[in-house]
Amino acid sequence: MNGKFEDKVAQFAFGDLSPEEGAQFEREVQGDPDAQRALSLYKEMREGLRSLADVPEDQFSKERLRDAILKQGLKPVATQPVSNRGWFWMPVAACALGFGMMFVVNTLRRPSAGPQVVINAKDPAFNIGSQSPLKVAEVAPHEDFKFDPLTVPKPLVRDTAAEKVAARASKNPDEVDPRLSAVIPGGMDEASYDPNVGDPPAGSSQPSATVNTVAVNPVHAGTDSTSSGPIVLIDQDKDEQTGACKATEVGSSSNVLVGG
Amino acid sequence: MFSLAAKLAVTIAITGAQTCDSMQAAAVSSRERVVWNEIRPSIVTLYGNGHATGVAALIDDSGYFVAHKSSVAGVQVFGTTSTGKQLTFSIVSKDDATSLVLLKTNLWPSGSARVFRPPTLEDMEGSTLIAVLPTGPMRMAYGSKHKLGVLSASRRLVPLTEMRFEASGQPVGGALIFSDNGELIGSLNATLVVPEDANQNSVRDANQNSLNGFGGQGGFGGAQSATAGGGGSNGPGGFGGRNQQYSNSGPTGLTVAYTVSPDFVQHVLEGFLSPSHTVEFAALGVFCKDAIGGGALIQAVTPGSPAERSGLKPGDILMNINQNPIPDQVAFAKVMLQQKVGVKISLIVKRGPGQLFVDIVPAKAAD
């Protein structure tokens with residue numbers, strides 16, 4: 001069955017052939033099962049297309065819909081009868097309301113002094129953003145904290161206010177914040193600062209203020225630190241008896257200024 | 001050329017020095033006497049203002065000698081060999097960290113004596129050292145090479161070798177130190193001065209030792225008993241009246257002295273014998289203290305230094321240098337001792353809440 005014959009089958013199925021041509025074509029296809037199968041297929045298609053005639057005209061296109069509205073005009077909408085399934089939703093809504101009230105009551109009964117949720121915003125497991133209202137505070141990791149009696153221990157909880165001050169100072173190092181002016185670098189107070197041990201040589205620029213006032217996470221907790229070991233300070237003055245330079249030994253090198 | 005007055009002064013000084021030499025040499029054992037006789041031809045006694053000021057050791061057969069700077073007075077230095085040959089020296093170079101000075105003479109007969117090589121880095125625990133003074137050799141006990149020192153002027157960190165010796169009553173500063181195998185270890189740079197309270201404790205302990213029968217005279221400078229007194233921790237030794245020095249390993253009267261460590265001396269001698277005859281130590285131009293939580297806290301920055309040009313500021317914390325963690329300022333100085341002038345290094349610097357990555361080229365440390 002070639003294409004031309006298939007076109008003729010379609011024309012016959014849809015009634016496009018004349019009665020004489022139709023009778024002749026019907027005789028031709030009687031001995032051809034493929035042609036009969038195609039003919040029956042086209043006839044089913046024709047019946048299906050004929051059923052489309054039941055579809056309202058206004059569903060075919062916007063123009064037809066508009067024409068139908070203009071033709072029919074605005075008619076009052078018929079009131080729909082009330083569904084008799086409303087009785088099913090009422091107990092469901094009541095249950096939902098009951099659960100909701102129980103949740104609210106339990107929330108209000110929770111003690112306010114109980115444990116708080118502490119979230120580290122830098123923890124990738126908590127992808128809630130830095131603006132989350134659940135963030136109470138950022139707590140430094142509890143690594144080994146070495147207490148040095150010569151130094152002032154820093155608080156473990158990060159002081160966000162001081163951090164902002166330090167950040168502002170780091171942006172503009174020439175601007176001295178009055179809250180930092182009394183701080184000796186290294187966290188020492190002025191009383192423990194020994195100028196004889198730590199004076200840098202003349203000509204070196206001295207720090208007027210420092211940004212190192214924020215408690216930061218310790219990188220090395222002092223386990224491998226050598227600052228606790230003794231160190232020998234060699235003076236330029238000579239010992240009158242030995243003729244060699246005077247040397248004194250200090251127990252800890254943490255407060256000793258070293259150049260490099 | 002010597003003037004007549006200079007020759008006369010040197011002759012008088014040589015006579016006096018040789019007298020003291022024989023007296024001093026009697027204070028060493030037979031083993032040390034052998035070593036002294038081996039190294040003596042390579043040592044020149046220096047003179048200034050009519051008296052002996054120190055000694056110099058041959059480090060290159062072309063006539064280069066090294067001496068402590070306290071042994072050198074003026075631009076031109078006079079000296080004499082063990083055979084009485086008179087030499088004149090010129091100052092070529094110096095290093096403030098070790099206080100060593102490089103001298104050069106054109107009158108040195110090549111091949112006439114052994115040349116001192118830079119010291120080896122072997123641990124000399126328990127060995128004996130020989131301090132050579134203008135008056136001759138003196139016996140010392142090796143203590144430790146694991147001490148660290150800071151020079152007050154430059155704040156430079158220097159590894160030290162600790163020694164102990166019996167107080168001799170004569171100036172020992174600037175003496176050249178040799179090991180018992182004849183290597184040049186360094187020069188006697190400093191002696192330990194202990195605070196008054198510790199000094200009193202030292203005297204009290206000495207008196208207690210005397211009551212217990214350990215207060216005998218002699219010991220360290222003598223013959224066999226000196227070994228126990230010098231190197232041991234509880235051997236007999238002299239309480240020589242020099243209670244301004246102290247000992248932490250034996251009876252009082254032992255003076256604790258320091259020279260720079262052998263590897264440091266090795267670096268200095270190699271610099272002296274380089275074509276430029278200069279000693280270079282790399283430096284950034286910062287002065288640091290220990291930072292809380294780790295790192296070296298920059299206290300000051302030298303104007304015009306590589307650190308200032310790279311933007312480092314007081315308050316910055318050095319955390320890492322060339323992949324070496326910096327737990328404190330001592331570690332920072334140790335790492336800097338390994339760096340070379342002109343070779344770029346990478347720093348990780350903590351500034352406020354952030355970190356900086358800085359590449360910097362060290363310059364030569366100022367003396």
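In what follows, every heavy atom counts, from backbone to side chain, and hydrogens, waters and symmetry copies are set aside. Since we're looking at a predicted model, the values are computed, not measured. Here is how names work: the chains are called A, B, and so on, in the same order as the sequence lines, proteins then strands, and each is numbered from 1.
- Between chain A and the options L284(B), V286(B), L188(B), the largest number of non-hydrogen pairs under 4.5 Å is found for V286(B).
- Of the atoms belonging to L160(B), it is side-chain heavy atoms, and not backbone ones, that fall under 4.5 Å from chain A.
- Residue R155(B) holds its CZ atom at 6.5 Å from CG of L233(A), rounded to the nearest 0.5 Å.
- The two residues F287(B) and G259(A) come nearest to each other via the heavy atoms CD2-CA, 3.6 Å.
- Between the side chain of E249(A) and the backbone N or O of L192(B) there is no donor-acceptor pair closer than 3.5 Å.
- Put simply, of G260(A), G243(A), A244(A), the one with the most heavy-atom pairs under 4.5 Å next to chain B is G260(A).
- In terms of non-hydrogen atom pairs under 4.5 Å with chain A, the most contact-rich of C288(B), A296(B), G173(B) is C288(B).
- Heavy-atom minimum distance, N255(A) versus K289(B): OD1-NZ, 3.2 Å.
- Shown here for V330(B) and I231(A), the closest heavy-atom pair between the two residues is CG2-CD1, 4.4 Å.
- For the atom pair CD1 (I292(B)) and OG (S254(A)), the distance works out to 9.5 Å, reported to the nearest 0.5 Å.
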**Request:** Show your working on side chain to side chain contact (heavy atoms under 4.5 Å, CB included) between N189(B) and C245(A) and close with a plain yes or no.
**Result:** CA-CA 6 Å; N189(B) 295 90; C245(A) 294; 6.0 Å; no
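- Side-chain atoms of T242(A) do not come within 3.5 Å of backbone N or O of P171(B) as any donor-acceptor pair.
- Rounded to the nearest 0.5 angstrom, I234(A) CD1 and T191(B) OG1 are separated by 10.0 Å.
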